[in-house]
Amino acid sequence: MNLFADMRAVVLTALDQMVAEGVLPSGLDYANVTVEPPRDAAHGDMATNAAMVLAKPAGSKPRDIADALAARLTADPRVAAAEVAGPGFLNLRLNVSVWADVTRAALSEGADYGRSTLGAKERVNVEFVSANPTGPMHVGHTRGAVFGDALAALLDFAGYDVTREYYINDGGAQVNVLARSAFERYREANGLDPDIREGLYPGDYLIPVGEALKAKYGDSLIGKPESVWLDEVKDFAVAEMLKMIRGDLAALNVHMDVFYSEKSLYGTGQIEAAIKRLSDLGLIYRGVLEPPKGKLPEDWEEREQLLFRSTAYGDDVDRPIQKSDGSWTYFAPDIAYHWTKIERGFHKLIDVFGADHGGYVKRMKAAVAALSQNSVDLDIKLIQLVRLFKNGEPFKMSKRAGTFVTLRDVVEQAGADVTRFHLLTRKNDAALDFDFDKVLEQSKDNPVFYVQYAHARVASVLRKARDLGFDVSDAALIGADLSGNTHEAELTLARKIAEWPRLVEIAARANEPHRIAFFLYEIASDLHALWNRGNDETQLRFVQEGDAAASQAKIALARACAVVISTGLGILGVTPAEEMR
RNA sequence: GCACUCGUAGCUCAGCUGGAUAGAGCGCUGCCCUCCGAAGGCAGAGGUCGCGCGUUCGAAUCGCGCCGAGUGCACCA
């Protein structure tokens, strides 16, 4: 049940009637007609802008349309009153029985309450993390991982067919550096002094890789030229790094459907095929780029290159896809990779990048638009940095000082649930502070705790009710007479529950999982407020001792709230708490 | 020099893909514990939505121009 969608349908039906009766002209576009909760509760339960949106195309006054619409809407049993207000809003007051229906719907639909068919099973590819396989994941990757995973879950809940994908950058120079670094650790394992020279990866995490290499190769590679061992050591080290990264992700409860290797694109004709695709479209040419305006790089020289005419699809300049020595630039395999996504049948692509890759957005969008001829939508979400704090003090990261914070460090200290929720309490393109002390704090100032506490409170109420011998199974709660839940605090909570399906669609349309986190905070707040009122007004308490029927009615509402919180936390990848200890 | 992201209450941030008197938390002020969980609760003060034009019945939201912060700007990924 999606109350707002249902009521919008009621409005549109009424408009159709008006067209049929000649009150409105035919051929009107209803796309901008909305039915939404008013900002001010005094304005009623819902408001529609239909009269204002249609006034101009219909050639009549907003008020006249609104009056006529109001008369028809009040015929619906769910509408208690419809009144015209302001510049032409139509405010709807709903029959209180509607909120009982919503409560029951949340209980009977359970974990599926709020699930949407918005996505129509369209296939979506969410690419995220894609950290270079050269070391453990650091905090910067964590936010992207959590964001991507929650977004994927959100889209799934909104009716899309989602694939979580990780692009392994195992084709470039940095994995050669990894191989050389691992080789030094291999020499170390064989009792030689490692030469961790400038430009190699110094991290301790390669020591076990060196030992594993020794276990496999003994000392047979010692003293051999790089050309002999590079490829083998590279494959081995990359595999080890991926094993580690999978472990890091698993610790965060992130599980990818596909790990796609950049290297697999080379030597298989796939890059050539993608470039040919662009070439056939007349978008590839040999040319010379203008030097960048402003400060000119020292070593600037004019050179002819193979270029992609990305400016034809909104980019600022055309982009090189081949170096002057004939090898591909990093952009070429990226184009090919996105081409494979299109060819694999995805109609909607989402890339999650670090904010420092913002300059890459236009060319990637241009590539996808060109390759798909505008039939595939690519949305790129930029993830801003995370600033670490401890006791309110900035937590400086330094590889040398050994205070380099990995994802594993954060999860071990804070836990996956707390880490995930906190990282989602900010919009993806806003910087975020992560203070270990505040995040672990058990007080209402901590949103994670606040939401978990609301869920735990409901669980506590259920336990208490059961102890008193009440039947609080979902079946019993669904069957309860809810007509007594009419206090303003109760209605506020019920309204919030009714908003959940709408919020899911809004969040999914914007690709913004943080909206779920904010909504959960608000609904938790409504539950706490109702609870607190029970302190003074005993008739509002969920458990009404000696009155099973009244208890069931109140608990049904609380339980419905818990269902929404549980579902929402599930989307964020957070386990709801049954009790707080 | 150009592009991208951002600019909302003292602080940290939401704000529904254009709606009514712009919200929350912290902080501040004032009240409140014999009460299902006071690791609190209720109420209040506090804002030219960076600035200026424009589009519109209507702009924090869309467009243009400034100001300010961050990020990125040729064969590195």
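Of the candidates B:A77, B:A38, B:C36, the closest approach to any side-chain atom of A:Q174 belongs to B:A77. For A:E36, the side-chain atoms get nearest to B:C16 when compared with the rest of B:C6, B:C16, B:G41. In the set B:U12, B:C26, B:G19, the nucleotide with an atom closest to the side chain of A:R426 is B:U12. Of all nucleotides listed (B:G41, B:G19, B:C13), B:G41 comes nearest to the side chain of A:K444.
Residue A:N49 is in base contact, counting any heavy-atom pair closer than 4.0 Å across all strands shown. Residue A:A456 is classed as having no contact, given no heavy-atom separation below 4.0 Å to the nucleic acid. Counting non-hydrogen atoms under 4.0 angstrom, A:A510 reaches nothing in the nucleic acid. Using a 4.0 Å heavy-atom criterion, one finds that A:N91 contacts the bases of the nucleic acid, with or without backbone contacts as well. Within the nucleic acid shown, A:V461 has no heavy atom closer than 4.0 Å to any nucleic acid atom. At the heavy-atom level, A:S460 lies under 4.0 Å from base atoms of the strands shown. Looking at heavy-atom distances under 4.0 Å, A:S324 makes contact with a base. When heavy atoms are screened at a 4.0 angstrom cut-off, A:F89 is found touching base atoms of the nucleic acid. Within the nucleic acid shown, A:Y521 comes within 4.0 Å of sugar-phosphate atoms alone, with no base atom in reach, counting heavy atoms only. Counting non-hydrogen atoms under 4.0 angstrom, A:Q544 reaches nothing in the nucleic acid. Residue contacts for A:A47: at a heavy-atom cut-off of 4.0 Å it reaches a base atom on one of the strands shown. If you check every strand for non-hydrogen atoms under 4.0 Å, A:N535 touches a base.
B:C6 sits 29 Å from B:C28 when the C1' atoms are compared, rounded to a whole Å.
For the pair A:F331 CZ and B:C76 P, the computed distance is 12 Å after rounding to whole Å. Taking atom CD on A:E499 and atom P on B:G15, their separation rounds to 14 Å, with Å as the unit. The separation between A:R533 atom CZ and B:A43 atom P is 8 Å, rounded to whole Å. The NE2-P distance, from A:H528 to B:G25, rounds to 12 Å in whole Å. Look at CG on A:D379: it is 14 Å from P on B:U17, rounded to the nearest Å. The CE atom of A:M52 sits 13 Å away from the P atom of B:C57 (whole-angstrom rounding). Spacing between atom NZ of A:K234 and atom P of B:A77 amounts to 12 Å, rounded to whole angstrom units. Here the P atom of nucleotide B:U71 and the CD1 atom of A:I380 are 20 Å apart, to the nearest Å.
Projected onto RNA chain B by closest heavy-atom contact, A:G86 and A:R502 fall at different nucleotides, the more 5' of which corresponds to A:R502.
Side-chain rings of A:F128 and A:F147 stay apart, their centers remaining 6.0 Å or farther from each other.
When both distances must be under 3.5 Å, the Watson-Crick or G-U wobble mate of B:G47 does not exist. Applying the Watson-Crick and G-U wobble criteria (two distances, each under 3.5 Å), B:U71 pairs with B:A3.
Contact between the side-chain N/O atoms of A:H357 and the OP1/OP2 oxygens of B:C76 is not found at any separation under 4.0 Å. OP1 or OP2 of B:G15 sits under 4.0 Å from a side-chain N or O of A:K427. Considering only side-chain N and O atoms, A:K554 lies nowhere under 4.0 angstrom from the phosphate OP1 or OP2 of B:C36. In terms of phosphate contacts, A:R63 brings no side-chain nitrogen or oxygen within less than 4.0 Å of OP1 or OP2 of B:C57. Considering only side-chain N and O atoms, A:K56 lies under 4.0 angstrom from the phosphate OP1 or OP2 of B:C57.
Between the side chains of A:E579 and A:Y453, not a single donor N or O lies within less than 3.5 Å of an accepting N or O. Under the 3.5 Å distance criterion, with hydrogens and angles disregarded, no donor-acceptor pair is assigned to the side chains of A:N511 and A:K381. Inspection of the A:N132 and A:T134 side chains reveals no N or O donor paired with an N or O acceptor under 3.5 Å.
Taking only distance into account, the side chain of A:R303 meets the base of B:A74 through a donor-acceptor pair shorter than 3.5 Å.
The side-chain tip of A:R309 points at the ring of A:Y285 from less than 6.0 angstrom away and within 45° of straight on. A:K438 forms no cation-pi arrangement with A:F389, by the criterion of a distance under 6.0 Å to the ring centre and an angle within 45° of the ring axis.
With a 6.0 Å radius and a threshold of 12 heavy atoms from other residues, nucleotides or ligands, A:E302 has its CD atom at or below the threshold.
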